[in-house]
Undergrad: 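Here you go, one structure.
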Amino acid sequence: PTFEYAPAPESRAVLDLASSYGLFINGEFTPSTGGASFKTVSPATEEVLAEVSEASEADVEAAVAAARTAYTRVWSRMSGADRGKYLFRIARILQERAREFAVLESLDNGKPIRESRDVDIPLAAAHFFYHAGWADKLDWAGLGADPQPYGVVGQVIPWNFPLLMLSWKIAPALATGNTVVLKPAETTPLTALLFAEVCQQADLPPGVVNIITGAGATGQALVGHGDVDKVAFTGSTAVGKAIARTIAGTRKKATLELGGKAANIVFDDAPLDQAVEGIVNGIFFNQGHVCCAGSRLLVQESVAEEVQERLKARLSTLRVGDPLDKNTDVGAINSRAQLDKITELAAVGEAEGAQRWSPECELPSKGFWFAPTVFTGVSQTHRIAQEEIFGPVLSVLTFRTPGEAVAKANNTPYGLSAGIWTDKGSRILWMADQLKAGVVWANTFNKFDPTSPFGGYKESGYGREGGRHGLQGYVRTGA
Ligand code: NAD
């Protein structure tokens, strides 16, 4: 490889809104073959941001073919050290263009700029840096005998962390020598398309990364394509199960990162101010559009009243509004469909007898908004204690003993994450062992790092992303 840096293109993506975007196939932007397109809107204002091409089956075919050719002719023949250089360059360009990405992410997704600027984009770059380092050290990653890439990977991602989910998917796939066709969610395609520009800028060989935009049908065509060797999906449990059915009986491998209903467990010996911050971060970060959100607060009975009081006082200080305002704590709900789902489940919570509370806050008249909401008096059988709401809604339950906390925490179909707040180290270790959750945080919540594996138990899916373990999903061993 030559490793020529292309100059940064004229920045058209962020400010030149309402323009149209093609698919990224074989290193070029191209309109969809049928000419179909869809609009992506700002959830904060309902303004149209851009017109995006909708990939047809023929486009999926072209993207998979480009990925196959790039795999066979270029990427599988390249040394790990050279693949790593490309990943390092992508990481650096993401850092250089971080502001542009952060603004575009907040516009398209509705999340506060403080989060996209300080969390999403830096973590996406960190993910590429981390995997760049692995590309020439795979022999030392403990992946088993003779690890080989699968070939062409089909990847489908959700809308809650668009660029970050893309980097969780693309970085390990490329580091291990696979090529990729990725479909972003239909409500948040823009940072994936800006990422395609980064691939051009990094001089990545054409076809190594292909981005096709479209709705569920495009994702279905991708995961069902006969020349895709491996499927990596992040999204809802319902679609994950549909994908598992689609690929059953084929040679394809899959990793599925699905929903969650995490318990955030507060004991009476916890530093309560810190715990309240952790509860707020756990469920109101990214408007609760987080698979591992601490959506169930389990609080020990002896401190339940005090925690609820402190929580309400803290929530009254949250600023809900314009995602592009640096002072905003809680932004817009990503889509009308998601807003309807949250509204419906919150109504169910009331109908089932839980007490609903929200701080006073003035919501903008346009766009999709939902005030931070807390339900107290929730019992385990309530739907708001069992179903993923994927919004800024917290269900509060109480417990008396550690054993009861474990039983309640594990009593959902999911098992993605959990949080424990206590002063006792021995209790942390015991609880972490008992909780059926892929990630357990102690005296913190929503901490992410590319070196740590992330993934679920039960209906939260299978496979891990991040860390050495995440590489395992992209290689076959002992071939
Ligand atoms: P979703 O399942 O509706 O959509 C996810 C993606 O799948 C989108 O790109 C969509 O277009 C595509 N899709 C829809 N139907 C498809 C089909 N039949 N075949 C192939 N692709 C299809 O989920 P969503 O609403 O975008 O995201 C929210 C869900 O994602 C939540 O349940 C959340 O918990 C989960 N999530 C999980 C993780 C994790 O790491 N476990 C991370 C983020 C989000």
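Read the numbers this way: they start at 1 and go in the same order the structure lists the ligands and their atoms.
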Undergrad: Would you check whether Met165 has a nitrogen or oxygen atom less than 3.5 angstrom from a nitrogen or oxygen atom of ligand 1?
TA: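 Met165 vs ligand 1: no N/O contact under 3.5 Å.
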Undergrad: Yes or no, since that's all I need: does a protein heavy atom fall within a distance strictly under 4.0 Å of atom 34 (O) of ligand 1?
TA: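 Given the 4.0 Å cut-off, atom 34 (O) of ligand 1 counts as touching protein heavy atoms.
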Undergrad: Assess Ala242 for proximity to ligand 1: is some non-hydrogen atom of it under 4.0 Å away?
TA: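 Outside the 4.0 Å threshold, so no.
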Undergrad: Among the heavy atoms of Phe161, does any lie under 4.0 Å from an atom of ligand 1?
TA: no
Undergrad: Short N/O distance, under 3.5 Å, between Phe454 and ligand 1?
TA: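 Not met; the criterion fails.
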Undergrad: Should Glu47 and Thr45 be marked as a side chain to side chain donor-acceptor pair (under 3.5 Å) after you check the CA-CA gap, both sets of side-chain angles, and the distance that decides it?
TA: CA-CA 5 Å; Glu47 277 171 285; Thr45 62; 3.0 Å; yes
Undergrad: Nearest non-hydrogen atom to atom 20 (C) of ligand 1 belongs to which of Gly259, Gly466, Gly219?
TA: Gly219
Undergrad: Write out the residue and atom name of the closest protein heavy atom to atom 11 (O) of ligand 1, then the distance separating them to 0.1 Å.
TA: Glu186 OE1, 2.7 Å
Undergrad: In the protein, which heavy atom is nearest to atom 24 (P) of ligand 1, and how far is it?
TA: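 Answer for atom 24 (P) of ligand 1: Trp159 NE1, 3.3 Å.
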Undergrad: Side chain or backbone of Gln338 under 4.0 Å from ligand 1, or both, or neither, by non-hydrogen atoms?
TA: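 None of Gln338 does.
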Undergrad: Which protein non-hydrogen atom lies closest to atom 13 (N) of ligand 1, naming both residue and atom, and how far is it?
TA: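 So the nearest neighbour among protein heavy atoms is Gly216 CA, 3.7 Å.
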Undergrad: Quick check on side chain to side chain donor-acceptor pair (under 3.5 Å): which of Lys230, Lys169, Gln155 does Thr255 satisfy it with?
TA: Lys230
Undergrad: Side chain or backbone of Phe390 under 4.0 Å from ligand 1, or both, or neither, by non-hydrogen atoms?
TA: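 The side chain, only.
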Undergrad: Looking only at protein heavy atoms, which one is nearest to atom 8 (C) of ligand 1, and what is the separation?
TA: Ile157 O, 3.5 Å
Undergrad: Could you check whether any side-chain N or O of Asn178 sits under 3.5 Å from a backbone N or O of Gly151, counting only pairs where one atom can act as donor and the other as acceptor?
TA: yes
Undergrad: Suppose we measure from atom 42 (C) of ligand 1 to each protein heavy atom; which comes out shortest, and what is that distance?
TA: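 Answer, as residue, atom name and distance: Cys291 SG, 2.9 Å.
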Undergrad: Would you kindly specify which portion of Cys292 sits under 4.0 Å from ligand 1, judged on non-hydrogen atoms: side chain, backbone, both or neither?
TA: neither
Undergrad: Answer yes if the side chains of Asn264 and Trp421 hold a donor-acceptor pair under 3.5 Å, and no otherwise.
TA: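 There is such a pair (donor and acceptor under 3.5 Å, judged by atom type) between the side chains of Asn264 and Trp421.
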Undergrad: With nothing but distance in play, are any N or O atoms of Lys183 less than 3.5 Å from an N or O of ligand 1?
TA: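 Yes, there is a polar N/O contact under 3.5 Å.
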Undergrad: Please write down residue, atom name and distance for the protein heavy atom closest to atom 32 (O) of ligand 1.
TA: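 Protein heavy atom with the smallest distance to atom 32 (O) of ligand 1: Glu388 OE1, 2.6 Å.
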Undergrad: Using modelled atom types and a 3.5 Å cut-off, is there a donor and acceptor pairing between side-chain atoms of Thr179 and backbone atoms of Val152?
TA: no
Undergrad: Mind checking whether Leu416 contacts ligand 1 via backbone (N, CA, C, O), side chain (CB onward), both or neither, at a 4.0 Å heavy-atom cut-off?
TA: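 Looking at Leu416 and ligand 1, just side chain atoms fall under 4.0 Å.
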Undergrad: For ligand 1, is there an atom lying under 4.0 Å from some heavy atom of Ala238?
TA: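 No heavy atom of Ala238 comes that close to ligand 1.
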Undergrad: Which residue supplies the protein heavy atom nearest to atom 44 (C) of ligand 1, what is that atom called, and how far is it?
TA: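 Looking only at protein heavy atoms, the one closest to atom 44 (C) of ligand 1 is Asn160 ND2, 3.3 Å.
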Undergrad: For Asn411, is there any backbone N or O sitting under 3.5 Å from a side-chain donor or acceptor partner on Gln386?
TA: yes
Undergrad: Give me the residue, atom name and distance of the protein heavy atom closest to atom 2 (O) of ligand 1.
TA: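 Protein heavy atom with the smallest distance to atom 2 (O) of ligand 1: Ser236 OG, 2.6 Å.
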Undergrad: Can Ser460 and Lys261 be counted as having a side-chain donor-acceptor contact under 3.5 angstrom?
TA: no
